[in-house]
Amino acid sequence: MWTGLMLFVGSYIFCVCMLHALKRPNEEIRSYHLLLVTKDNQLHIEWYIRSLFFLARFSGKSLSVSVIDEGSTDDTLRIAEKLSRSYELKIRTVMPESTWEEWASSSERDNLMVMHVSNQKQLVKLPLFE
């Protein structure tokens with residue numbers, strides 16, 4: 001019984017290693033930078049950030065996120081700061097709207113996406129879902 005179990009586990013590990021070795025060896029990992037604009041979104045911010053990073057990891061893409069807060073009066077910033085310990089997340093606070101738009105247009109990042117957390121229709125348009 002133990003011999004059969006060890007043979008099964010060994011075969012499984014071998015197959016997993018082979019799949020990882022053969023999986024897209026020449027393909028470059030695409031990286032994206034997402035600019036999340038928030039204001040009083042404490043009910044949604046954690047779910048958005050965790051989902052985005054899970055989806056990026058699942059699809060094999062690299063993701064970095066900047067959170068720009070437009071003056072939240074709730075716990076949005078505190079939640080984002082807590083998540084920044086676990087994820088590649090930069091937080092910028094209370095910037096006038098024209099400033100973050102200027103930053104986004106002058107940014108030299110190739111795959112920069114801007115998303116307002118309160119607009120859920122924008123989430124479907126992210127290239128992470130492709």
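In this chain, residues are counted from 1 in sequence order.
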Nearest 0.5 angstrom please: [X] [atom1] to [Y] [atom2], how far?
{"X": "Ser66", "Y": "Leu89", "atom1": "OG", "atom2": "CG", "result": "7.5 Å"}
{"X": "Leu63", "Y": "Leu34", "atom1": "CG", "atom2": "CG", "result": "6.0 Å"}
{"X": "Lys82", "Y": "Leu77", "atom1": "NZ", "atom2": "CG", "result": "14.0 Å"}

Between Leu36 and Ile49, is any pair of side-chain heavy atoms under 4.5 Å apart?
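Yes. Closest side-chain heavy atoms under 4.5 Å.
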Is the closest side-chain heavy-atom distance between Val65 and Phe53 below 4.5 Å?
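The answer is yes, as the side chains (C-beta and beyond) meet within the 4.5 Å cut-off.
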Mind checking side chain to side chain contact (heavy atoms under 4.5 Å, CB included) for Asp75 and listing every partner two or more places apart, or none if nothing turns up?
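Residues passing side chain to side chain contact (heavy atoms under 4.5 Å, CB included) with Asp75: Gln42, Arg78, Ile79.
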With sequence neighbours left out, write down each residue that passes side-chain hydrogen bond (donor to acceptor under 3.5 Å, both in side chains) with Glu88, or none if nothing qualifies.
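side-chain hydrogen bond (donor to acceptor under 3.5 Å, both in side chains) check on Glu88 returns nothing, list empty.
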Kindly list each side-chain donor-acceptor pair under 3.5 angstrom involving residues 1-15, sequence neighbours excluded, with atom names and distances?
| residue | atom | partner | partner atom | Å |
| --- | --- | --- | --- | --- |
| Ser11 | OG | Leu7 | O | 2.9 |

Atom of Val117, atom of Thr38 and distance for their closest heavy-atom approach
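Heavy atoms only, the tightest pair is CG2-CG2, 3.4 Å.
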Applying salt bridge (charged side-chain N to carboxylate O under 4.0 Å, His left out) as the test, list every pair that has at least one member in residues 36-46; sequence neighbours left out.
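Counting only pairs at least two positions apart or across chains, the salt bridge (charged side-chain N to carboxylate O under 4.0 Å, His left out) contacts touching residues 36-46 are Glu46-Arg50.
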Is there a chain of hydrophobic side chains (I, L, V, M, F, W, Y, each step under 4.5 Å between heavy atoms) that links Trp47 to Ile45?
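Looking at the clustering, Ile45 is in the same group as Trp47.
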side-chain hydrogen bond (donor to acceptor under 3.5 Å, both in side chains), that's the test. Do Ser72 and Asp69 meet it? Break it down for me.
CA-CA 6 Å; Ser72 292; Asp69 186 64; 2.4 Å; yes
